[in-house]
Visitor: 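Submitted below is the structure of interest, expressed as structure tokens.
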Amino acid sequence: MSKISRESSLRYWDNAHREYKRENIMYDDWLESFDEMIMNCKKPILDLGCGSGNDTKYLIEKGKEVISCDQSQNAINNIKKNFPEVKDAICFNMLDGIPFEDASFEVIIADLCLHYFDEEDTKAIVSEIRRILMPGGHLIFRVNSVKDVAHGAGQGPEVERHVFEMEGKEIKRFFDEDDVRRFFGDFEFEYLNEEIMTRYQKSKPLFKVCARKI
Ligand SMILES: C[S@@+](CC[C@H](N)C(=O)[O-])C[C@H]1O[C@@H](n2cnc3c(N)ncnc32)[C@H](O)[C@@H]1O
């Protein structure tokens with residue numbers, strides 16, 4: 001990723017994550033489909049790109065141990081303040097690698113945080129996620145669909161196929177099913193479906209996926 005889009009992304013998200021309270025954090029029910037897997041997970045669950053902590057909150061309410069991570073220090077400060085139950089909250093940029101040992105996690109959640117990268121960076125991040133998952137472990141994620149025109153699909157300069165530059169210079173990828181299968185081809189898909197998320201003001205078509213490390 002160019003230095004400009006990396007800095008723009010951090011500026012955008014640090015600004016978005018300035019201040020909020022736990023009671024205002026609303027999750028949707030997308031993880032319910034994977035409740036059995038989540039409840040059976042014996043290790044801490046990693047919430048990658050946790051943002052304000054929608055999924056962290058869901059997991060904590062299920063009584064799970066959670067490690068929440070984001071590039072934004074503001075997001076991490078808020079997680080620590082709002083969710084003192086988290087096992088850890090760590091600030092790092094996935095573009096620099098994911099700072100955990102090989103095979104550390106049984107379940108990783110990556111909700112709406114894997115679609116900000118060009119081809120090379122996406123492949124590197126997916127490979128890092130595979131590395132830190134134990135064999136048979138699961139990556140549960142959601143990514144933008146190419147149908148998500150309300151959130152920028154097909155708009156602005158296309159810097160790479162299905163990747164568009166936003167006004168602030170950060171980039172967003174919009175996946176079709178082939179993209180999902182290509183980037184996550186080293187996994188076995190246990191669930192892959194295009195759905196509509198209604199958590200935002202405008203409804204959002206996206207891919208919801210559960211992929212197993214083989
Ligand atoms: C749309 S928000 C999703 C937040 C949360 N997972 C949710 O669904 O509510 C995207 C998050 O990904 C984080 N993110 C984007 N690029 C990142 C990177 N390179 N490294 C770490 N976090 C990143 C952003 O800071 C932001 O908090």
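A quick note: this is a predicted structure, and the numbers were derived from the prediction, not measured. Side-chain atoms are counted along with the backbone in the values below, which use heavy atoms only and exclude waters and symmetry mates. Order of appearance sets the numbers: ligands from 1, and atoms from 1 within every ligand.
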Visitor: I want to know if ligand 1 touches D70 in the polar sense, i.e. an N/O pair below 3.5 angstrom.
Guide: yes

Visitor: List the closest protein heavy-atom neighbour of atom 20 (N) of ligand 1: residue, atom name, distance to the nearest 0.1 Å.
Guide: M94 N, 2.9 Å

Visitor: Give yes or no for whether the N/O distance cutoff of 3.5 Å, strictly under, is met between D111 and ligand 1.
Guide: yes

Visitor: Please indicate whether any nitrogen or oxygen in H17 is less than 3.5 Å from any nitrogen or oxygen in ligand 1.
Guide: yes

Visitor: Are any of the N/O atoms on S52, whether in the backbone or the side chain, positioned under 3.5 angstrom from an N/O atom of ligand 1?
Guide: no

Visitor: Between S9 and ligand 1, does any nitrogen or oxygen pair lie at a separation below 3.5 Å?
Guide: no

Visitor: When you measure from atom 9 (O) of ligand 1 to every protein heavy atom, which one gives the shortest distance, and what is it?
Guide: N54 ND2, 2.5 Å

Visitor: Using a plain distance cutoff, I'd like to know if G49 has any nitrogen or oxygen under 3.5 Å from a nitrogen or oxygen of ligand 1.
Guide: yes

Visitor: Measure the spacing between CD1 of I214 and CZ of R130 and express it to the nearest 0.5 Å.
Guide: 7.0 Å

Visitor: List the closest protein heavy-atom neighbour of atom 14 (N) of ligand 1: residue, atom name, distance to the nearest 0.1 Å.
Guide: Q71 NE2, 3.6 Å

Visitor: Got the closest protein heavy atom to atom 18 (C) of ligand 1, with its distance?
Guide: N93 OD1, 3.5 Å

Visitor: Please state which protein non-hydrogen atom is closest to atom 7 (C) of ligand 1 and give its distance, to 0.1 Å?
Guide: R199 NH2, 3.4 Å

